[in-house]
Amino acid sequence: MLLLQPENRENEELSQHLNRIGCLVRRCWPLPVNIQDNVDVVLISAGPLVEDNIELNWDADDPSAVLIAVVDYENPIVVEKMLRLRVQAVIGLPLQTFGVLATILLSVNNHRREARLRLRAARLAEKLRAQRDIDKAKSILMAIRSIPEDAAYNALREQAMNKRTTIEAIASAVVNANEMLHLLPKDKSV
């Protein structure tokens, strides 16, 4: 765990409580340029981010760790900042030790689930792109060779087997070659 918060009594109390429940805690202030890869949970003090207009270098679309805000007061600016950072949870001050462990565990669980969903979405997007390339390559072969769709697919599959590669790679090569042909200057001789 990385605590990104200035030294004060309440932050020290949070650090001690996290140690008591078995967390390996490291503190840092001012904010580091980058969060190290070996950090699972980042707890950040929201007050200084807003009051001192400090920017956190944080990839909210693909966070490397769980981000939990430690908030000592609520106002629209603090809430807006936390929404922009996409924190997974909020711990309020003064510290009520009951629920801190549950908040952390639920946040870690949600973070892991989101990471799996992002990976699955990326794989599905890649599969969809590959299928579009296969469909384009089949259309190109059907137009060039005047063959039906199943024969075009069989030609792609046969090329993939002969070259010991995937149909997706062959389809991509056909699509790219076809696009390159369209970029060549037209022969203007009569």
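Note that these values count all heavy atoms, side chains included, but never hydrogens, waters or copies made by symmetry. These numbers were taken from a predicted model, which means no experiment stands behind them.
Using a 4.0 Å cut-off between charged side-chain N and carboxylate O, E114 and R86 make no salt bridge. Taking 4.0 Å as the cut-off between side-chain N and carboxylate O, E126 and R129 count as a salt-bridged pair. No salt bridge links D135 with R132; every basic N to acidic carboxylate O contact stays at or beyond 4.0 Å.
Residue-environment remark: CG (D37) stays at or below the threshold of 12 foreign heavy atoms within 6.0 Å. For E158, the CD atom is loosely surrounded, since the number of other residues' heavy atoms within 6.0 Å does not exceed 12. Sparse packing is recorded around CG of L24, with 12 or fewer heavy atoms of other residues, nucleotides or ligands lying under 6.0 Å away. For F98, the CZ atom counts as loosely surrounded, since its 6.0 Å shell holds 12 or fewer non-hydrogen atoms of other residues, nucleotides or ligands. Within 6.0 Å of CG in L105 there are more than 12 heavy atoms belonging to other residues, nucleotides or ligands. Environment of CD in Q16: crowded, with over 12 heavy atoms of neighbouring residues, nucleotides or ligands closer than 6.0 Å. The number of heavy-atom neighbours closer than 6.0 Å to CZ of R84, taken from other residues, nucleotides and ligands shown, is above 12.
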Quiz prompt | From CA spacing to verdict: side chain to side chain contact (heavy atoms under 4.5 Å, CB included), I91, T103 | solution = CA-CA 8 Å; I91 295 175; T103 297; 4.3 Å; yes

Practice problem: Evaluate side chain to side chain contact (heavy atoms under 4.5 Å, CB included) for L3 paired with L18, printing each intermediate quantity in order. | Solution: CA-CA 10 Å; L3 271 63; L18 293 171; 3.6 Å; yes

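Looking at Q88, its side chain does come within 3.5 Å of a backbone N or O of L67 through a donor-acceptor pair. Side-chain atoms of N53 never come within 3.5 Å of backbone atoms of L49 as a donor-acceptor pair (strictly under, hydrogens ignored). Distance alone, capped at 3.5 Å, places no donor-acceptor pair between the S172 side chain and the E168 backbone. In this structure, D59 contributes its side chain and D61 its backbone to a donor-acceptor pair below 3.5 Å. With hydrogens and angles disregarded, a donor-acceptor distance shorter than 3.5 Å links the side chain of N57 to the backbone of V33.
With 3.5 Å as the limit, one finds no donor-acceptor pair spanning the side chains of N109 and R112. No hydrogens or angles considered: nothing links the side chains of E7 and N11 as a donor-acceptor pair under 3.5 Å.
Considering only heavy atoms from C-beta on, V100 comes within 4.5 Å of L95 through its side chain. Residues E10 and V70 have side chains not in contact (no heavy-atom distance under 4.5 Å, counting atoms from C-beta outward). For the pair R123/R120, no side-chain contact is recorded, criterion being any heavy-atom separation below 4.5 Å from C-beta on. In this structure the side chain of V108 reaches within 4.5 angstrom of the side chain of V41, judged on heavy atoms.
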